[in-house]
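Since the structure comes first, as structure tokens, the remarks are kept for the end.
Model, not experiment: these values are computed from the prediction.
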Amino acid sequence: MKKIDKLFDSDLFNISLRIKIMLVFILPMALALSFISYVHNQRERMELEHQAEASALRLSDVLLATLNHAMVMNDREMIMGALNEVGGNASIEEVWIVASDTTVYASTDAKNIGAKLNLKAPGCIECHQYSPAERPRAMHMWLGKEFLRVSTPIPNDKTCQTCHSGNQAHLGVFLIDLSTADIEKELRSDMIYNVVVSIVSVLCLMILAYALVQWLIVRRVDVIRAALIRLDERDFSARITARWHTRDEITQLADHINTMAENFAILQAEHEQRDRVRAQAIIDERERIARELHDGVAQFLGYLSAKIGATRMALKNKKEEIADKNLEQVEQAIHDQSSEVRSATVGLKLAGSVDRGFSANVREFVEQCNRLDDN
């Protein structure tokens with residue numbers, strides 16, 4: 001699987017999803033159709049060759065009976081007439097009668113009559129490499145062109161022994177050479193037909209695969225991608241509308257994305273609500289501090305101004321006791337006001353550390369109060 005992943009990660013497969021799926025779907029189908037066509041063609045070849053062999057063997061047996069009758073009658077014209085009649089068939093290349101001494105006794109090709117065959121030459125060695133018991137009657141050969149040679153031994157029957165020695169089991173062999181051109185022609189036409197059918201089938205499958213991929217995957221992925229882009233832009237109102245009428249993993253993915261978007265929207269609303277509450281709390285705290293400053297510091301400054309004025313008047317009238325008392329009151333008021341300011345500062349600091357826990361805040365408050373008492 002890792003090698004397949006690396007293959008698809010390469011630049012060679014940097015193509016659209018449609019093409020990738022079509023390649024994965026169509027290529028194996030095309031290979032399968034090609035393999036099926038090849039197997040069918042080979043099977044048809046075997047059947048046609050088997051039929052040709054069977055027909056040639058039957059023809060050879062029938063012709064052998066005719067030749068035996070002509071040989072008994074010692075009628076050479078009958079023999080040649082039978083050979084020429086059989087040789088007139090368009091699928092038969094040549095008909096031979098070869099004596100036991102390898103001399104061509106009769107043939108549809110007159111120039112071969114009387115010729116002596118070399119058993120080690122091509123055309124003979126293919127059959128004579130087998131023993132007589134194992135020698136096949138039909139063999140495919142190639143002498144410039146492919147043909148099927150059917151050999152039928154001519155037995156030395158009792159009727160033949162009046163002219164021939166009884167020591168011979170066979171008087172010779174009767175050969176029929178059949179052309180395989182018709183078979184090849186039929187196989188070629190069948191192969192062309194299979195190739196055309198395969199190409200049409202692959203094209204139809206490509207169109208069907210493209211339509212299915214477009215309908216089941218690509219258009220739905222495009223909808224999901226558009227929704228994810230909106231979510232990435234912080235538009236949490238984006239939803240995937242189920243415009244397809246099927247339930248599968250992609251539909252489940254769309255449902256999960258919608259659920260995620262709804263959760264994001266809820267979190268955003270809660271976050272905005274917290275921001276509004278925090279902003280309102282800041283405004284309220286500022287108003288509270290302003291009131292405290294007005295009620296506390298402003299009044300203290302007014303009191304301080306009045307005391308300083310009274311002290312100045314007492315000093316001017318040389319009433320030192322009154323001036324000293326006023327200064328003592330001012331000193332005490334400053335001390336009290338300073339304690340209130342520090343206490344307010346401690347409260348503001350503690351308000352900024354509410355997340356540390358109740359016990360930690362209590363300890364911090366006690367420590368700050370102790371510092372105020374020390375001062």
Flag the pair Ile257 / Ile224 as yes when at least one side-chain heavy-atom distance between them is below 4.5 Å, and no otherwise.
-> yes
Evaluate the criterion side-chain contact (heavy atoms from CB on, under 4.5 Å) for residue pair Leu119 and Thr102; output intermediate values, then yes/no.
-> CA-CA 8 Å; Leu119 297 182; Thr102 69; 3.7 Å; yes
Excluding sequence neighbours, so at least two apart, what forms side-chain hydrogen bond (donor to acceptor under 3.5 Å, both in side chains) with Gln280?
-> Asp284
Between OG of Ser237 and CD of Gln268, what distance do you get to the nearest 0.5 Å?
-> 9.0 Å
Output the rest of the hydrophobic cluster of Ile36: all Ile, Leu, Val, Met, Phe, Trp and Tyr residues reachable through side-chain heavy-atom contacts under 4.5 Å, sorted by chain and number.
-> none
If Ile, Leu, Val, Met, Phe, Trp and Tyr residues are connected whenever their side-chain heavy atoms lie under 4.5 Å apart, and connections chain through other members, are Val197 and Leu208 in the same group?
-> no
Under the side-chain hydrogen bond (donor to acceptor under 3.5 Å, both in side chains) test, residues paired with Arg230 that sit two or more places apart = Asp235
Taking salt bridge (Lys or Arg N to Asp or Glu O under 4.0 Å) as the test, write out the residues that go with Asp190, two or more places apart.
-> none
One should read off an interatomic distance between Lys120 NZ and Ile125 CD1, to the nearest 0.5 angstrom, of 8.0 Å
ILVMFWY cluster membership beyond Met313 - transitive side-chain contacts under 4.5 angstrom = none
When rounded to the nearest 0.5 Å, the distance separating OH of Tyr193 from OG of Ser198 is 10.0 Å
Return each pair, listed once, that meets salt bridge (Lys or Arg N to Asp or Glu O under 4.0 Å) where at least one residue sits in residues 249-274; pairs must be two or more places apart or across chains.
-> Arg247-Asp255
In terms of hydrophobic clusters joined by side-chain contacts under 4.5 Å, are Ile199 and Met191 together?
-> yes
Shortest non-hydrogen contact from Ala238 toward Ala261 = O-CB, 3.6 Å
Residues which pass salt bridge (Lys or Arg N to Asp or Glu O under 4.0 Å) with Arg43, listed by chain and number, not counting sequence neighbours = Glu47
Residues clustered with Val196, ILVMFWY side-chain links under 4.5 angstrom | Ile192, Val200
4.5 Å side-chain heavy-atom contact, Val104 and Leu117 | yes
Whether Lys116 side chain and Asp101 backbone form a donor-acceptor pair below 3.5 Å = yes
May I ask you to test the Leu231-Met260 pair for a side-chain heavy-atom distance under 4.5 Å?
-> yes
Atom pair CD1 (Ile240) and CG (Leu228), whose distance is rounded to the nearest 0.5 Å = 6.0 Å
Check the hydrophobic clustering (I, L, V, M, F, W, Y; side-chain heavy atoms under 4.5 Å; chains of links allowed) and say if Leu253 and Trp215 are grouped together.
-> yes
Hits for salt bridge (Lys or Arg N to Asp or Glu O under 4.0 Å) against Asp232, two or more places apart or cross-chain, chain-then-number order -> none
Salt bridge (Lys or Arg N to Asp or Glu O under 4.0 Å) against Arg278, all qualifying residues, sequence neighbours excluded = Asp275
Heavy atoms, side chains only, cut-off 4.5 Å: are Ser201 and Leu33 in contact?
-> yes
Hits for ring-ring contact (aromatic ring centres under 6.0 Å, His included) against Tyr130, two or more places apart or cross-chain, chain-then-number order -> none
Residue pair Arg220 / Thr251, side-chain heavy-atom distance below 4.5 Å | yes
Mind checking the CD1-CD1 spacing from Ile97 to Ile113? Nearest 0.5 Å is all I need.
-> 9.5 Å
Residues in side-chain hydrogen bond (donor to acceptor under 3.5 Å, both in side chains) with Arg276, at least two apart?
-> Gln273
Quick one: does Val98's side chain get under 4.5 Å of Leu175's, heavy atoms only?
-> yes
Got a donor-acceptor contact below 3.5 angstrom from the Arg312 side chain to the Ile308 backbone?
-> no
Step through the shown structure and confirm whether more than 12 heavy atoms of other residues, nucleotides or ligands are within 6.0 Å of CZ on Phe236.
-> yes
